[in-house]
Amino acid sequence: MENKSVEFLLNNAGPVIQYRLRKEITCNISEQEEKRYLDEIYKLSRFQLVRKYVKPDGYIGSGMHSWDNWRGTVLHETPLQDGEAAARLLCYYGIPKDHPIVADFVKAMRDEKIMKQEFSYIPPEIHRYENRFTGIRNGNCLGALLYTMQAILGYGDDYDDLIEFQQIALKGFEQVLQMSSLEEILKKRKGAEKKYRLPYIESDVFFPNGYTLETLAYTKAWRTKENVRMLADAFNHINKIMKPDNQIHVKVKNRYYAPCFALVTPIRAFDPNYIHTINYRRILTEIAMLGVGDQVGVIRKSLESISEATNDEGILKMNLTQPHNRHYSPKNIEYPTPYVDVRLEETYKNGHGLDCDLTFWAVQFKNLVERNAEN
């Protein structure tokens, strides 16, 4: 069935999927073919937008996971004018790390003078940059975000600060393994309206979130058999002890923030009939990227569901007609913001775009699991 999936993608997908399929999965691409694919990718409209937003200092756009507007002033004409969305598109499109746009972007993120200037355009960003490392132990700060974006662009293992952040990320998952319930690290909040009175963790508590997971997924320096086994155990433990309705805040000084993708609820396996979060295929992919093979329960269940939902032509199909799927439907993905799954096709108007994205994900996911299971 996988051969049919690959054949379908090679006959119908756009340049991003064809390039990544042949470079990362079938591994049968020549230098000339790679150059041809990349030349096609560089002409795509979203890559051209990212190119448009590159500044003379190398930074792309304004801020990172930042305000779209501020007191009536529009700061991002499209989501790709935000640094995080730009980094994600460069990563998802497979742009080589030595491409000047990528290399200069990472260089800018490592230049304190440039970054201080880049985060001085509105008062909240000045404060955010000054406190960029507060909350780094649970991934809920600008510093963690900047490190993660460097990692997904291919620069996670060449910089001491990022290698140290990998160890911080590992400690978050180690913390989970020591817990029998989330309540062990939570504190009760008093003096607020009931609807805002969520339990919280302190900013210096080690705990995993989507960004610490992503950093580990895209880096290698931390990888030992012991660490990989620990991560597999941690994900299985999360699904054992976490409650579906868990909600928490992170306390930073005297303020309380909703954490970004804290791993405080069970991780759901892929289900073609039910989309339960905004980016769950992405999270499953990143777990598989850790090298855990099929040691994680949700990975095994996802493989089974993918097989059942793949038709005789090798195409992965999802039921997107049910009301509860419409809000998070991949049909709504236009730009690679933090709050959506991965989209690689330029358009969904040709009848094959969505099928290609879903089918590429299925092939990629199975390849990641099988390759790592063999290792």
Side-chain angles (χ1 to χ4, degrees), residues 1-29 33 37 40-41 44-46 88-89 91-94 267-289 293-294 298-336 340-373:
M1 190 64 69
E2 186 168 334
N3 289 336
K4 287 189 175 181
S5 298
V6 170
E7 183 180 353
F8 168 76
L9 292 171
L10 291 176
N11 289 332
N12 294 283
V16 176
I17 285 179
Q18 292 205 27
Y19 169 60
R20 291 192 56 187
L21 180 71
R22 296 192 59 190
K23 186 170 180 65
E24 301 170 16
I25 298 172
T26 64
C27 302
N28 63 344
I29 187 169
E33 289 171 322
Y37 279 126
E40 291 182 43
I41 292 169
L44 295 176
S45 61
R46 289 174 182 81
R88 289 190 179 281
L89 183 124
C91 169
Y92 301 161
Y93 276 19
I267 298 162
R268 294 281 292 267
F270 173 74
D271 183 339
N273 298 305
Y274 188 77
I275 304 173
H276 80 287
T277 61
I278 52 180
N279 56 13
Y280 82 118
R281 282 186 293 115
R282 193 175 88 200
I283 289 176
L284 289 170
T285 306
E286 289 163 359
I287 294 173
M289 289 171 67
D294 59 359
V298 292
I299 298 297
R300 292 194 301 273
K301 292 178 183 177
S302 295
L303 286 174
E304 294 171 3
S305 294
I306 289 170
S307 179
E308 293 170 0
T310 301
N311 68 18
D312 292 340
E313 296 176 322
I315 303 170
L316 178 64
K317 291 290 187 177
M318 293 186 69
N319 181 358
L320 303 175
T321 61
Q322 298 185 56
H324 61 256
N325 283 344
R326 290 174 186 167
H327 180 61
Y328 294 144
S329 171
K331 291 181 179 179
N332 299 328
I333 299 172
E334 186 173 0
Y335 297 100
V340 297
D341 239 307
V342 176
R343 169 176 167 171
L344 303 179
E345 286 293 277
E346 176 85 333
T347 180
Y348 283 173
K349 295 180 180 179
N350 61 8
H352 290 301
L354 180 57
D355 285 344
C356 287
D357 263 330
L358 293 176
T359 303
F360 175 77
W361 174 74
V363 172
Q364 177 196 32
F365 184 74
K366 288 190 283 187
N367 181 263
L368 286 168
V369 177
E370 291 169 3
R371 185 175 65 204
N372 290 318

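We count residues from 1, following the sequence as given. Since this is a predicted model, take the numbers as computed values, not measurements.
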Is [Y] close to [X] at the side-chain level, that is, under 4.5 Å between some pair of heavy atoms?
{"X": "L358", "Y": "K317", "answer": "no"}
{"X": "I29", "Y": "Y19", "answer": "yes"}
{"X": "E370", "Y": "N367", "answer": "no"}

(message) Show, in sequence, the C-alpha distance, side-chain angles and deciding distance for I283 and I287, and conclude whether the side-chain contact (heavy atoms from CB on, under 4.5 Å) test is met.
(response) CA-CA 6 Å; I283 289 176; I287 294 173; 4.1 Å; yes
(message) Check for me whether R343 meets the cation-pi criterion with Y348, that is, NZ or CZ under 6.0 Å from the six-membered ring centre and within 45 degrees of the ring axis.
(response)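 Flagged: R343 positioned over aromatic ring of Y348.
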Using every non-hydrogen atom in the two residues, find where [X] and [Y] come nearest and quote the distance to one decimal.
{"X": "F360", "Y": "L9", "result": "CA-CD1, 3.7 Å"}
{"X": "P330", "Y": "R281", "result": "CB-NH2, 3.9 Å"}
{"X": "E33", "Y": "R22", "result": "OE1-NH2, 2.9 Å"}

Rounded to the nearest 0.5 Å, what's the gap from [atom1] on [X] to [atom2] on [Y]? Could you check?
{"X": "L284", "Y": "K301", "atom1": "CG", "atom2": "NZ", "answer": "12.0 Å"}
{"X": "D271", "Y": "H276", "atom1": "CG", "atom2": "NE2", "answer": "10.0 Å"}
{"X": "I17", "Y": "D357", "atom1": "CD1", "atom2": "CG", "answer": "4.5 Å"}

(request) In sequence, state the C-alpha distance, the side-chain angles, and the governing distance for L354 and L320, and then conclude on side-chain contact (heavy atoms from CB on, under 4.5 Å). (result) CA-CA 11 Å; L354 180 57; L320 303 175; 3.6 Å; yes
(request) Report the residues that fulfil side chain to side chain contact (heavy atoms under 4.5 Å, CB included) with F8, sequence neighbours left out, ordered by chain and then residue number. (result)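 Result, side chain to side chain contact (heavy atoms under 4.5 Å, CB included) vs F8: N12, I315, H352, D355, C356, T359.
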(message) Applying salt bridge (charged side-chain N to carboxylate O under 4.0 Å, His left out), can you list everything that pairs with K23, at least two apart in sequence or on another chain?
(response)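 Scan of K23 (salt bridge (charged side-chain N to carboxylate O under 4.0 Å, His left out), adjacent residues dropped) gives E34.
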(message) Which residues pass the salt bridge (charged side-chain N to carboxylate O under 4.0 Å, His left out) test with E304, not counting sequence neighbours?
(response)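 Partners of E304 under the salt bridge (charged side-chain N to carboxylate O under 4.0 Å, His left out) test: none.
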(request) Step by step, work out the side-chain contact (heavy atoms from CB on, under 4.5 Å) result for I267 and Y280. (result) CA-CA 8 Å; I267 298 162; Y280 82 118; over 6 Å; no
(request) Given side-chain contact (heavy atoms from CB on, under 4.5 Å), test K366 with L303 step by step and report yes or no. (result) CA-CA 7 Å; K366 288 190 283 187; L303 286 174; 3.6 Å; yes
